[in-house]
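Okay, structure first, notes after.
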Protein chains: 2
Amino acid sequence: MDMKLKQQASAITELTFDLLRCCEAKEKMFAKDHGLKVAEFRCLRIVEAGKSYSVQELATSMHLSPSRLTRIIDGLFAEKLVDRVQSIEDRRFAKISLTNKGQTLVGKLKEEYADLHGEMLKDISSEDRDKIYNGISLMQGLVSTWLVRNA
Amino acid sequence: MDMKLKQQASAITELTFDLLRCCEAKEKMFAKDHGLKVAEFRCLRIVEAGKSYSVQELATSMHLSPSRLTRIIDGLFAEKLVDRVQSIEDRRFAKISLTNKGQTLVGKLKEEYADLHGEMLKDISSEDRDKIYNGISLMQGLVSTWLVRNA
DNA sequence: CACTATTTTTGCGTTTAGCAAAGAAAATGT
DNA sequence: ACATTTTCTTTGCTAAACGCAAAAATAGTG
């Protein structure tokens, strides 16, 4: 009886596809409104204040190539949003971290991006919000492990 | 007490963001494996056999500009996957539809893309699949209406 | 110290995307 | 009837996003 699975898979495929398009549009709008390129916004969004990252770490967590990350970081560095120093222990490594200016911006960015989602979520019940959280959480886990196995 | 909302919004923001990156990687892999550009796959995925579409229809449903669509269709046309004819009633309109070759491909594409998701979903319970469906469905609706209002 | 492995950067080509202007056809006003 | 405006698509141009392969720099190893 995995007719059921097939049907569910089909529906979820369709829905995820649509969600993706919408969220991409949403990200693009948000980045533009804040004077950032989409790639820059995506990168800033994952660096935490105080921590430092290698190019590779950022690349893998963004699902991009290291060379691509070099370019994105170039941009952020030019805007003085991140520092880039050679690691002392192993000078092959770069250590990328937020400048003060970067920290301020990222703080604002995260705040406002969450607010945007708050705006979307404010008219539904708390239970429905939990349903969204649980559903997306499950899906994210599945896609993520699938990717690891198939990449 | 909309502290709760803020917290939920924050968590959903984070999760959606991660899901997005993974699904983009997934789409890219799938398109590449089928010898298609990502944009082409995305376009083919929304055209149904037997129907015909204007450039604008495709553009809006893909959240892209008409000019971008012209180029994507150029590519599909060159590969003889779609036909492009002038509408007889109003010759400003283009009527884009799948060729036989296109129909065959799209059928296979949809089948295999759903199978890929079936593969991901096969090890969880039917109830959890419903949770995913419900969660993503809710979210998709919210983002979609938000976009309409804010674009 | 030569050789190999790792990390990042550079050069280059491809893909994705939109804007503004042009082109073509229909609708509208006078 | 025909000039004007509107609508739909395409073209020319530019920017952004991205990865591959080679180079550069450093570390580790026989």
Side-chain angles (χ1 to χ4, degrees), chain A residues 20-21 23-45 52-79 82-97 151, chain B residues 20-21 23-45 52-79 82-97 151:
Chain A
L20 213 60
R21 296 294 83 70
C23 285
E24 283 172 353
K26 184 192 68 187
E27 271 189 357
K28 183 169 257 179
M29 281 182 57
F30 186 83
K32 194 172 186 177
D33 286 351
H34 290 77
L36 291 167
K37 296 173 188 169
V38 175
E40 290 175 339
F41 166 59
R42 289 180 179 180
C43 184
L44 285 176
R45 197 156 177 328
S52 81
Y53 303 81
S54 73
V55 171
Q56 234 172 17
E57 277 177 308
L58 293 176
T60 49
S61 71
M62 290 179 73
H63 299 275
L64 294 175
S65 68
S67 70
R68 180 66 190 116
L69 252 290
T70 295
R71 264 61 181 257
I72 295 172
I73 294 162
D74 282 349
L76 297 173
F77 186 75
E79 299 170 65
V82 301
D83 270 335
R84 170 158 50 182
V85 298
Q86 237 181 359
S87 164
I88 301 175
E89 310 93 63
D90 186 334
R91 291 192 302 181
R92 288 170 300 184
F93 281 85
K95 293 176 68 169
I96 317 292
S97 59
Chain B
L20 214 61
R21 296 295 83 72
C23 286
E24 283 173 353
K26 183 193 65 186
E27 271 189 358
K28 182 170 259 179
M29 280 182 57
F30 186 83
K32 193 172 187 180
D33 287 350
H34 290 77
L36 291 168
K37 295 174 188 170
V38 175
E40 290 176 339
F41 166 60
R42 291 181 180 181
C43 184
L44 284 177
R45 190 139 187 342
S52 80
Y53 303 81
S54 71
V55 171
Q56 235 173 15
E57 278 176 308
L58 293 176
T60 49
S61 72
M62 290 179 73
H63 298 275
L64 294 175
S65 68
S67 69
R68 179 69 188 114
L69 252 288
T70 295
R71 264 63 182 259
I72 295 171
I73 294 161
D74 283 347
L76 296 173
F77 185 77
E79 299 169 66
V82 301
D83 271 335
R84 168 160 50 183
V85 298
Q86 238 182 357
S87 165
I88 302 175
E89 310 94 62
D90 186 335
R91 292 192 300 179
R92 289 171 299 183
F93 281 85
K95 293 176 70 170
I96 316 294
S97 59

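Quick note on labels: first sequence line is chain A, next is B, and so on, each numbered from 1.
Of all nucleotides in DNA chain C having an atom under 4.0 Å from a heavy atom of chain B, the first and last in 5' to 3' order are C:dT15 to C:dA26.
Taking the side chain as every heavy atom from C-beta outward, B:L69 and B:C43 approach each other to under 4.5 Å. Under the 4.5 Å side-chain criterion, counting only non-hydrogen atoms from C-beta, B:I72 is not in contact with B:L58. Using a 4.5 Å heavy-atom cutoff, the side chains of A:R71 and A:R68 are in contact.
Summarising the geometry, atom CD belonging to A:E79 is positioned 6.5 Å from atom CG belonging to A:L36; distances are rounded to the nearest 0.5 Å. Annotation: the span from A:R42 atom CZ to A:M62 atom CE amounts to 7.0 Å, rounded to 0.5 Å. Rounded to the nearest 0.5 angstrom, B:L20 CG and A:R21 CZ are separated by 8.5 Å. Here the straight-line distance linking atom CZ of B:F30 with atom NE2 of B:H34 works out to 4.0 Å at 0.5 Å rounding. A distance of 12.0 Å separates CD1 in B:I96 from CD in B:Q56, rounded to the nearest 0.5 Å.
Remark: B:Y53 engages no residue in a ring pair (Phe, Tyr, Trp, His ring centres under 6.0 Å) (not counting sequence neighbours). Residues passing the ring pair (Phe, Tyr, Trp, His ring centres under 6.0 Å) test with B:H63: none are found, sequence neighbours excluded.
To the nearest angstrom, P of D:dA17 lies 11 Å from CG of A:L76. Distance CZ (B:F93) to C1' (D:dC8): 6 Å, rounded to an integer number of Å.
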What does the list of N/O pairs under 3.5 Å between the protein and nucleotides 3-5 of chain D look like, with a distance for each?
none

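Closest approach of A:S97 to A:S52, counting heavy atoms only: CB-CB, 4.1 Å. The two residues A:A94 and A:V55 make their nearest non-hydrogen contact at CB-CG2, 4.2 Å.
Contact check on A:K95 versus A:D83 returns no salt bridge, with no Lys/Arg side-chain nitrogen under 4.0 Å from an Asp/Glu carboxylate oxygen.
In terms of position on DNA chain D, the residue among A:E40 and B:T70 whose nearest nucleotide sits closer to the 5' end is B:T70.
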Checklist entry - Just by protein heavy atoms under 4.0 Å, how would nucleotides 18-30 of chain D read 5' to 3' in B, S and -? => result BBB-----BS---
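Rounded to 10°, the angle separating the first-five-pair axis and the last-five-pair axis of the helix from C:dC1-D:dG30 to C:dT30-D:dA1 equals 0°.
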